[in-house]
Amino acid sequence: MKAKDITQIALMTAVIVILGMFPGIPLGFIPVPIVLQNMGVMLAGALLGPKKGTISVALFLILVAIGMPFMSGGNGGIACFMSPSAGYVIAWLFTPLLIGLAESRFNADHKLVLEFAFIWLFGVLFIDGVGAVWLAFATHITIGQSLIANLAFIPGDSIKTVATLLVAQALLKNKTVAAQLQ
């Protein structure tokens with residue numbers, strides 16, 4: 001791995017940390033708030049690809065596990081992986097891999113609709129699906145109840161998908177940034 005790759009991974013990890021500084025918005029009827037941090041996870045896959053994006057998220061999760069207060073709301077430690085929202089966080093690890101693989105397999109770099117579809121499929125549906133299953137397990141509700149409760153996240157996560165796509169496209173259109181990401 002080159003110094004450039006390590007720098008890109010570290011910068012994306014920092015972006016995920018920074019997005020965690022924005023407090024979560026509690027919904028009240030589900031113990032999982034709306035956060036911006038998952039937008040950083042989507043960006044990791046869209047900008048860095050499957051390998052470097054996944055390493056970036058893995059680094060972030062390791063830092064959280066050892067106690068760094070990098071989760072939204074200033075949380076950190078192994079308890080973050082035992083809470084009702086742990087399924088979402090665990091799904092984050094696989095999201096850049098899935099987004100990056102889908103984009104490279106179908107050459108979605110210049111096809112906005114296809115790229116949006118992959119980011120939305122894996123950055124919204126996959127994360128919310130895995131999160132709903134864990135939430136049902138952790139709170140002793142049915143998976144159906146959990147999936148229905150998770151519908152509240154779809155509009156906000158869809159907006160984050162559009163924002164992710166716009167940011168990724170803007171960065172990739174910049175020749176200097178695009179050259180650095182190659």
Side-chain angles (χ1 to χ4, degrees), residues 1-27 30-102 118-141 143 146-147 149-150 152-153 156-157 160-161 163-164 167-168 181:
M1 193 168 283
K2 298 182 224 169
K4 180 173 89 170
D5 297 331
I6 293 169
T7 303
Q8 291 171 351
I9 290 166
L11 282 171
M12 188 55 64
T13 302
V15 166
I16 298 169
V17 169
I18 290 166
L19 288 171
M21 292 181 179
F22 295 94
I25 302 165
L27 296 178
I30 187 172
V32 180
I34 295 174
V35 298
L36 288 179
Q37 212 159 28
N38 57 340
M39 190 175 146
V41 174
M42 293 182 221
L43 271 171
L47 288 175
L48 298 184
K51 182 180 176 184
K52 292 186 287 185
T54 302
I55 292 170
S56 175
V57 173
L59 175 60
F60 170 78
L61 295 176
I62 289 167
L63 292 171
V64 168
I66 63 172
M68 301 304 289
F70 292 158
M71 294 298 291
S72 185
N75 297 315
I78 201 71
C80 292
F81 300 93
M82 306 297 176
S83 72
S85 61
Y88 303 94
V89 176
I90 292 166
W92 286 0
L93 180 60
F94 302 98
T95 300
L97 175 69
L98 295 169
I99 291 171
L101 286 175
F118 293 140
I119 294 171
W120 191 80
L121 179 65
F122 299 117
V124 177
L125 285 187
F126 174 73
I127 291 173
D128 288 349
V130 172
V133 170
W134 181 272
L135 181 65
F137 170 76
T139 59
H140 307 291
I141 61 174
I143 291 178
S146 181
L147 287 170
N150 270 274
F153 293 113
D157 286 347
K160 287 185 265 184
T161 301
T164 298
V167 168
L181 290 172

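Hydrogens, waters and symmetry mates play no part in the numbers below; they use all other heavy atoms, side chains included.
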To the nearest 0.5 Å, what is the distance between [atom1] ([X]) and [atom2] ([Y])?
X: Asp5; Y: Lys2; atom1: CG; atom2: NZ; result: 6.0 Å
X: Leu48; Y: Ile99; atom1: CG; atom2: CD1; result: 11.5 Å
X: Leu101; Y: Thr54; atom1: CG; atom2: OG1; result: 7.5 Å
X: Leu11; Y: Leu47; atom1: CG; atom2: CG; result: 11.0 Å
X: Leu59; Y: Ile16; atom1: CG; atom2: CD1; result: 9.0 Å

Please tell me if the side chains of [X] and [Y] come closer than 4.5 Å, counting only heavy atoms from C-beta onward.
X: Asn150; Y: Tyr88; result: yes
X: Thr95; Y: Val57; result: no
X: Trp120; Y: Leu125; result: yes
X: Phe122; Y: Ile127; result: no
X: Phe81; Y: Val64; result: yes
X: Met42; Y: Phe118; result: no
X: Phe126; Y: Leu98; result: yes
X: Met1; Y: Ile9; result: yes

So, does [X] use its side chain to make a donor-acceptor pair with the main chain of [Y] at under 3.5 Å?
X: Thr13; Y: Ser56; value: yes
X: Gln37; Y: Leu19; value: no
X: Ser146; Y: Leu135; value: no

Q | Pair Ile34-Phe153, side chain to side chain contact (heavy atoms under 4.5 Å, CB included): steps then yes or no | A | CA-CA 7 Å; Ile34 295 174; Phe153 293 113; 3.7 Å; yes
Show the nearest heavy-atom pair for residues [X] and [Y], with the distance to one decimal.
X: Pro84; Y: Ala138; result: CA-CB, 3.9 Å
X: Cys80; Y: Met71; result: SG-CG, 3.9 Å
X: Ala46; Y: Ala168; result: CB-CB, 4.2 Å
X: Met12; Y: Gly40; result: SD-O, 3.9 Å
X: Pro69; Y: Gly74; result: CB-O, 3.2 Å

Q: Check the angle between the aromatic planes of Phe70 and Phe60 and answer parallel, tilted or perpendicular using the 30° and 60° thresholds.
A: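 Aromatic pair Phe70/Phe60 classed parallel.
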Q | Sidechain N-carboxylate O distance under 4.0 Å for Asp157, Lys160 | A | yes
